[in-house]
Each structure stands twice: as C-alpha cells, then as structure tokens.
4 protein chains.
Amino acid sequence: MVRSVDSPLQTAKAWSRSRRRKQPPDGDARTRILDAAEELFAGGGYEATPTARIAELAGVPKGLVFHYFPRKIDVLISLVDERTVVIEEEVEAVPGDAAGALSRLARRLPLHASPAMRRILFREADTHLSVRERLGRLNTEIIRRARFALELALPGGRGDAARLEAAAATFAAVLLYQESICLLTGHHIDPDAVAELIANALH
Amino acid sequence: MVRSVDSPLQTAKAWSRSRRRKQPPDGDARTRILDAAEELFAGGGYEATPTARIAELAGVPKGLVFHYFPRKIDVLISLVDERTVVIEEEVEAVPGDAAGALSRLARRLPLHASPAMRRILFREADTHLSVRERLGRLNTEIIRRARFALELALPGGRGDAARLEAAAATFAAVLLYQESICLLTGHHIDPDAVAELIANALH
Amino acid sequence: MVRSVDSPLQTAKAWSRSRRRKQPPDGDARTRILDAAEELFAGGGYEATPTARIAELAGVPKGLVFHYFPRKIDVLISLVDERTVVIEEEVEAVPGDAAGALSRLARRLPLHASPAMRRILFREADTHLSVRERLGRLNTEIIRRARFALELALPGGRGDAARLEAAAATFAAVLLYQESICLLTGHHIDPDAVAELIANALH
Amino acid sequence: MVRSVDSPLQTAKAWSRSRRRKQPPDGDARTRILDAAEELFAGGGYEATPTARIAELAGVPKGLVFHYFPRKIDVLISLVDERTVVIEEEVEAVPGDAAGALSRLARRLPLHASPAMRRILFREADTHLSVRERLGRLNTEIIRRARFALELALPGGRGDAARLEAAAATFAAVLLYQESICLLTGHHIDPDAVAELIANALH
DNA sequence: TATGAATGAGCTTTCATTCAT
DNA sequence: AATGAATGAAAGCTCATTCAT
C-alpha cells in the first residue's frame with residue numbers, strides 16, 4: 001500500500017489548514033459570509049439557519065448578506081457551486097490491483113469539498129435541486145471510477161457486468177454515506193476494508 | 001434463489017393498503033394528524049412543514065394539533081416512537097447460504113415502518129436526538145443480523161473478524177441508504193446482487 | 001394591651017387552618033376550583049393565570065370550571081363576592097384610648113379574607129370593577145372606624161375635622177398597603193407603632 | 001409655607017408638556033413605541049396589552065417592536081430602566097421645620113417619572129423583578145429622606161428611634177400609595193396634612 | 001459598497017370557550 | 001353533574017427581504 005501521510009479522508013482540521021494557506025487570514029466580507037453559512041448549514045441545516053445568524057457569525061451587517069446573495073437560497077447555491085467540485089476526469093489505473101485502486105479512490109474522493117460541505121451536500125440534497133444534482137454527479141463519478149478500476153483489475157470475462165455494477169454501486173454507497181453513518185449512528189466503516197472485500201468478491 | 005411474492009422492499013402503496021385494513025377508514029383526529037405529518041415531513045422535511053398545513057391536510061382545526069402535541073417537535077417524536085419499530089429479536093438462520101440470508105434480511109428489514117417513515121428517519125436524524133437514536137438502533141440491528149448470517153454461513157476460521165465486520169457494515173450501509181440514493185441520485189441498487197457479492201467476498 | 005392569641009394580622013397558615021375546620025377536607029369541585037384560583041390569582045395575577053391551570057390545580061377537568069363559572073372573570077367575581085366580606089357594623093369604642101382602639105382595628109381588619117384574597121383584592125382592583133368596589137368599601141369602612149375611634153378618644157373641639165380625617169385616612173392607607181409594601185419592598189411596618197403615632201399626633 | 005408654582009404632584013399633562021419641549025414632536029420609532037407602551041401599560045396593565053396594540057398606537061409595524069425589544073417584557077424593563085429614576089442624593093434640610101420638610105418631600109418625590117410610569121411601577125411590581133427592585137429603591141429613599149428630615153427637625157433625644165422609623169415608614173406608605181388609593185377608592189389624601197400630622201406626632 | 005432600520009407575512013403557541021356525550 | 005375533545009381568534013415572536021442613506 002502506498003504510504004500516506006493523510007488519513008484516508010481529510011479531516012476537518014487538515015482541510016481548513018490547507019485552505020488558510022491560500023486565503024487572506026480574514027477574507028473579504030463575501031468569503032466570511034460563505035464561511036459562516038458553511039458552518040451553520042452543516043451544523044443545524046439550511047432551514048433552521050436564519051440569515052441574521054450567518055451575518056452575525058460572519059461579523060457583517062445583516063444587509064450585506066443580501067447585497068451579495070439576493071435570496072437566502074443563493075447562499076446555499078453559491079456554497080455548493082463554489083465549494084464543491086466534482087472532479088470528472090480520466091484517471092490512470094494500475095491493472096491488477098483492484099483493492100488498491102478502490103482504496104486510492106476512497107482516499108481521494110473525486111470531490112473537492114470540506115467535511116462541512118460534504119454534510120451540506122448530503123443533508124440538503126432532498127430539498128434543493130442544485131444540491132441534489134451535484135450529489136448525483138458525485139455518485140455517478142464514483143461509480144464510474146470504481147467500475148473502471150475493477151474492470152481494469154479483473155481480466156476479461158470473469159466478472160459479469162451486473163456483478164461489476166453492483167460492486168461499484170456498493171462501494172459508492174459506502175463512500176458517500178460513510179461519514180453520515182458515523183455521525184448519526186457512531187458506527188465507523190473502514191473504506192480500505194470494504195475495498196479489499198469488494199475486490200475479493202470479484203475474483 | 002427463492003422467488004419472493006413480496007417485492008424486495010414494500011412499496012408505499014402496499015404499506016398503506018396493509019394498514020388500512022386494520023384501521024377505520026378515517027381514523028380519529030390524532031391519527032389523521034399523524035398521517036398528515038408523516039406525509040408532509042417525508043415530502044418537504046420537518047422544518048419546512050408548518051403545523052397549519054398539517055392541520056389542513058388532516059382536516060382538523062389548527063388548535064387541535066397542539067391539543068394532542070404540545071410542541072411541533074412532539075409530532076415528530078410521536079411519529080418516530082409510534083410508527084417506527086426496530087425489531088430486535090433473535091433470528092433463525094440457515095447455515096450455509098449466506099447470500100440467501102442477506103437477501104432475506106434485505107427483503108425484511110428489522111424495521112416496521114412505512115416508506116414515508118423511513119424517509120423521515122433518515123432525513124431528520126441530524127437534528128433530533130430521538131430520531132437519531134432510532135436510526136442508530138436500526139443500523140446496529142442490521143449489522144448484528146448480517147454478521148450473524150455470515151458467521152453461520154461461513155464455517156469456522158475462514159473469514160477473520162475484521163472482514164466479517166466490514167462485510168456486515170457494508171451491507172447495512174447499502175440497505176439503509178439504498179432508498180435515499182435512489183431518490184436523490186436516481187441510481188438503483190439491487191440488494192440481492194449486493195448480498196451475493198458480499199457472500200462471495202467471504203469465501 | 002389586651003392579650004391576643006392571634007398575631008396582629010392573621011398569617012396565611014392560621015387562615016387556612018381556621019377554614020379547614022369548617023370545611024370538608026377536600027371540598028366539592030366548585031370549592032376546589034375557587035381554592036385553586038385563589039392561590040394562582042394571588043401568585044401570578046388574574047391575567048397570567050389560564051383556566052386550564054386552575055382546573056389542573058383543582059384536580060378537575062377543564063370543562064367543569066366553565067360549568068360553574070361561565071366566563072373566566074366569573075371566577076374572580078365569585079372569589080371576591082364569597083371570600084371577601086367587608087364588615088360594616090357598628091363597633092363599640094372605649095373612650096379615651098385612641099391608640100388602643102386603632103391597634104385593635106389593625107388587629108381585626110373589618111375584612112374577612114385570607115391573605116391570598118387580600119393580595120387579589122389589591123392587585124386586581126385596577127382592572128375589574130367589582131373588585132375595585134369591594135376595596136373601596138373596605139377603605140371607607142376602615143376610615144369610618146378609625147375616625148370613630150379617634151373622635152371618641154379625643155374630647156371635643158381639640159382636633160379639628162380636617163386633621164382627624166387626615167389621621168384616619170393615613171391609618172387606613174397604612175393598613176391597606178402594609179402587606180403589599182412588605183411583599184414588594186421587604187419593608188415591614190408595625191401597625192401598633194403607627195397607631196400610637198397617630199394617636200399622639202392628635203393630642 | 002412657600003407657595004409653590006408646581007402643584008403638589010405633577011399632573012400627567014404637566015409632565016408630558018415638560019418632556020415635549022425637549023424632544024422632537026414625533027420622536028423616533030423606538031421612542032414612540034415606549035410612549036405607546038407607557039400609556040397602554042398604565043391603562044390596562046402589562047399582561048392585558050398586546051404588542052400589536054402598542055405598535056398600532058405607536059404607528060409602527062408590529063415587527064419593529066421586536067426589532068427594538070426582542071421580548072415583550074423588554075419593553076417594560078426598558079420603560080422602567082429609562083423612564084423612572086430614583087434620585088438618591090443628599091438633601092439639605094432646614095432644621096426646625098419637620099412638617100415643611102415632609103411637605104417638600106411630598107411635592108418633590110425623589111422619583112423622576114411620569115404619572116403613567118408611577119402607575120406602572122406600582123402595578124407591575126408584583127410580577128417583574130426589575131420593576132419591584134426599582135419600587136423598593138424608591139421606598140427606601142423616601143424613608144431615608146423622611147427620617148433625615150424628622151431627625152434634623154426634632155432636637156436630640158426627644159423622639160426615640162422606633163417612633164421615628166414608624167413615622168418615616170408611614171409617610172412613605174402614604175406617598176407611595178396615595179395615587180393608587182385615589183384611583184382605586186376615590187379617596188383623596190392630602191400629603192401636606194399628613195406631613196403636619198406626623199410632625200405633630202413627634203413633638 | 002455598506003448599514004441597520006423598517007416591513008409584514010407567516011410561524012408556533014396559547015387560551016377562553018363550546019359542545020357532544 | 002362531568003368530561004375532554006374540539007374550535008378558532010389572537011397572542012408573541014421570527015425572519016426573509018427591502019430600502020433609504
């Protein structure tokens with residue numbers, strides 16, 4: 001296994017550290033508003049978060065929120081637009097090592113987003129189309145990559161298409177809801193173990 | 001695999017049909033309020049549902065909602081208390097057929113709840129402790145059963161404990177979030193295929 | 001000073017003891033409702049006391065309150081009607097001892113009412129005519145008796161009418177608001193001392 | 001006795017006239033809200049006054065009341081905080097004329113407050129701590145001044161401490177509840193007559 | 001760009017009162 | 001007489017949004 005300094009999934013701390021380096025310490029008003037909204041939406045949910053509290057946490061006057069984001073929903077939309085990126089690119093895969101490929105996928109989700117943004121993505125997907133769409137793209141991309149990794153790793157006709165699809169979808173489900181499950185039920189899942197399990201299943 | 005008369009998961013229609021038989025067509029006011037809340041909470045979420053709309057849909061005056069449920073949150077709590085039951089009982093398992101046992105588990109979740117209540121359970125778990133606790137119990141129970149089924153099916157020292165745990169947790173994750181994933185991303189997962197996959201993985 | 005078993009003003013405890021003797025231990029529903037209302041009105045005020053809490057404290061169903069008292073205000077009116085009696089009778093006075101006569105008046109207010117009812121009488125007088133009227137009668141009666149006592153005690157033309165009137169009114173004010181002042185400001189006033197003071201003033 | 005330009009107690013009209021001079025005719029919204037609340041609380045009592053009526057009388061939208069005063073009770077608290085001042089300062093006293101000193105005290109209560117605010121202070125003291133505390137301070141201050149005036153006026157060991165205390169407390173009681181008694185029972189008390197009475201009593 | 005007062009619709013909740021049983 | 005479900009007007013309060021400065 002490739003030595004990895006990072007823990008399998010970037011922690012909240014690591015994330016904010018990496019962003020701090022690129023941004024001015026305080027950020028401009030707009031950034032601070034989005035920062036505040038990110039924290040509050042992740043914590044209590046979009047509906048339960050008044051714009052006034054966003055402004056308060058951001059340290060800006062209430063009116064300024066509506067200067068940058070005409071409607072409250074625009075804060076959420078901008079957050080998802082600007083702070084979650086589904087990376088839909090071709091990946092090079094090493095043939096032969098399915099488990100390793102899946103593990104690598106787990107460690108580097110094709111999603112550029114903070115843990116808070118991941119919560120928001122999952123939690124608000126029900127009610128807001130643009131969020132749902134982004135989540136759908138992420139799911140599709142994970143499945144695509146998992147399928148690709150498994151196809152490459154497993155020579156030829158061995159695994160039939162249906163099984164491969166189920167394996168990829170299962171892995172995607174685990175990756176997507178791993179954090180939620182942990183947060184909600186306290187039950188940790190080790191993606192590496194699942195990767196190995198699934199690779200095994202297709203032999 | 002045994003052909004099943006039931007569809008893998010009971011549909012919303014089947015559920016309400018089965019309950020209708022046992023209850024008077026209209027039900028008393030309290031029941032109608034809970035019915036309405038179930039529908040609306042599942043549809044738009046707890047926060048976005050005004051009590052007035054619950055009353056309206058239930059065909060009762062606004063005040064009556066608060067006669068039965070002093071606070072709005074009590075409607076949700078009662079709903080979860082009374083309409084979701086996690087079945088925590090011993091199950092007999094047939095040795096040898098891991099995939100079949102998992103499939104059966106998928107077909108009969110140890111949860112007595114309508115599809116709407118399942119949505120509510122998953123969606124509102126973030127914000128309300130009692131809901132989260134119920135979801136946690138469900139997750140634990142599914143894992144327990146899945147582990148039991150796999151242990152029994154797989155003779156002796158073959159699968160080590162960690163792999164077995166990962167397999168059980170993976171299956172639970174898929175079962176729990178299958179409906180959500182489908183609803184949110186449009187991606188169907190066939191629990192039977194996952195069952196077979198996982199059983200395979202442990203050989 | 002005449003030996004007195006009673007403390008200058010009957011305390012709350014003494015009052016309820018004396019009433020208990022005359023009434024069945026629990027009382028009928030109507031009585032229990034009035035008991036509860038007396039306690040609650042004295043504690044939090046009429047406006048701030050919901051009828052539901054009266055019923056609850058009385059241990060009767062909510063509907064029964066309205067069976068006996070068609071409107072909420074009727075509870076207050078009945079309370080004042082039945083549980084405060086201004087004793088408007090002739091009193092024999094001993095000539096010569098003005099201070100003693102006033103002290104006796106202080107010790108036996110021409111008012112038959114529990115401490116709680118006295119609070120209610122003073123507190124709700126602003127807003128409810130029937131209460132105000134009762135309080136007015138009490139004030140008038142105290143002044144009448146004080147004037148009578150002072151007239152008798154003080155021979156002839158010595159004190160002019162105006163001074164006598166002021167003395168009587170002052171004594172009435174002290175008696176009426178003594179409890180309130182104590183409750184609100186924590187400042188105790190000794191009616192006996194005031195009696196002596198006023199008697200002195202007219203010599 | 002010095003003829004006084006002021007009437008013994010400032011009337012409501014005189015009060016508002018004197019304030020009008022210093023303030024713009026309409027005042028800002030917050031002021032108008034407090035003005036309206038002052039009038040309504042004095043008239044019908046705090047509990048019986050809906051915030052909507054305050055807004056209506058103030059000519060501002062309902063929401064603005066809560067912009068300035070997050071809770072209804074904050075209107076009352078602000079009113080008492082800002083519009084009643086207990087003047088706790090040293091007073092110069094002229095030796096020898098006890099009655100005059102008390103009369104002067106009656107004419108200039110150590111309280112800066114409109115007649116309406118005085119009603120509120122006395123009426124709402126029961127239920128709200130901050131109001132009660134203010135009333136307590138006023139009572140203490142009146143007693144302190146009355147005692148001071150009497151001590152100075154009466155040479156040496158003549159009046160013992162207890163009698164002096166009773167006299168001061170009596171005078172305070174009369175001053176405090178004079179208006180209430182008049183309003184409730186229709187019985188006027190002339191503070192000047194009481195002042196003379198009490199001064200007399202200590203000779 | 002920045003500010004916070006202003007606005008009013010709509011929310012949860014309270015409550016006196018009615019009424020069928 | 002006794003009961004508690006039913007009713008709806010009105011209360012306190014929230015909040016997204018507007019707007020003058």
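Here is the naming used below: chain letters follow the sequence lines, and residue numbers restart at 1 for every chain. As the structure is a prediction and not an experimental result, all values here were calculated from the model.
- Taking a 6.0 Å sphere around CZ of C/R53, one finds it holds 12 or fewer heavy atoms contributed by other residues, nucleotides or ligands.
- Residue-level contact check: A/Y68 touches the backbone only, with heavy atoms under 4.0 Å from sugar-phosphate atoms and none from bases.
- Rounded to whole Å, the distance from CZ on B/F66 to C1' on E/dC15 is 13 Å.
- Residue D/E47 contributes atom CD, which lies 14 Å from atom P of E/dT14 at whole-angstrom precision.
- One atom, OH of D/Y46, and another, P of F/dA11, lie 14 Å apart when rounded to the nearest Å.
- Electrostatic pairing of A/D35 and A/R83 counts as a salt bridge here, judged by a charged N lying under 4.0 Å from a carboxylate O.
- Contact annotation: A/K72 reaches the phosphate of F/dA16 (side-chain N/O to OP1 or OP2, under 4.0 Å).
- Regarding B/R53, its CZ atom lies at a distance of 20 Å from the P atom of E/dA9, rounded to whole Å.
- Comparing A/T49 and D/T49 by the nucleotide of DNA chain F whose heavy atom lies nearest to each, the residue mapping closer to the 5' end is D/T49.
- Here the P atom of nucleotide F/dA10 and the NZ atom of D/K62 are 12 Å apart, to the nearest Å.
- When each of C/P50 and B/R71 is assigned the nucleotide of DNA chain E bearing its nearest heavy atom, the one mapping closer to the 5' terminus is B/R71.
- Whole-Å rounding puts the B/E56 CD to E/dC11 C1' distance at 15 Å.
- Closest to the side chain of D/P61, from the set F/dA5, E/dA6, E/dC11, is E/dA6.
- Between D/L64 and C/G63, it is D/L64 whose nearest contact on DNA chain E lies nearer the 5' terminus.
- Remark: side-chain polar atoms of D/R119 are not paired, donor with acceptor, to backbone N or O of D/A42 under 3.5 angstrom.
- Rounded to an integer number of Å, the gap from A/R32 CZ to E/dT1 P is 15 Å.
- For C/T51 and E/dC15, the shortest distance from a side-chain N or O to OP1 or OP2 is not below 4.0 Å.
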Report the C-alpha distance between D/E124 and D/R134 in whole Å, list the side-chain angles of each, state the deciding distance to 0.1 Å, and finish with yes or no for salt bridge (Lys or Arg N to Asp or Glu O under 4.0 Å).
CA-CA 11 Å; D/E124 308 301 339; D/R134 187 66 51 115; over 6 Å; no

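- With hydrogens and angles ignored, the 3.5 Å screen pairs a side-chain donor or acceptor of A/Y46 with a backbone N or O of A/I73.
- Regarding contacts with the backbone of F/dA6, every side-chain N or O of B/H67 stays at 4.0 angstrom or more from both OP1 and OP2.
- As the counterpart of F/dA1, no nucleotide is assigned, since no Watson-Crick or G-U wobble pattern has both distances under 3.5 Å.
- If you check F/dA2, F/dA10, E/dA2 against the side chain of C/A29, the one that comes closest is F/dA2.
- As a whole-Å value, the separation of B/F69 CZ from F/dA5 P is 12 Å.
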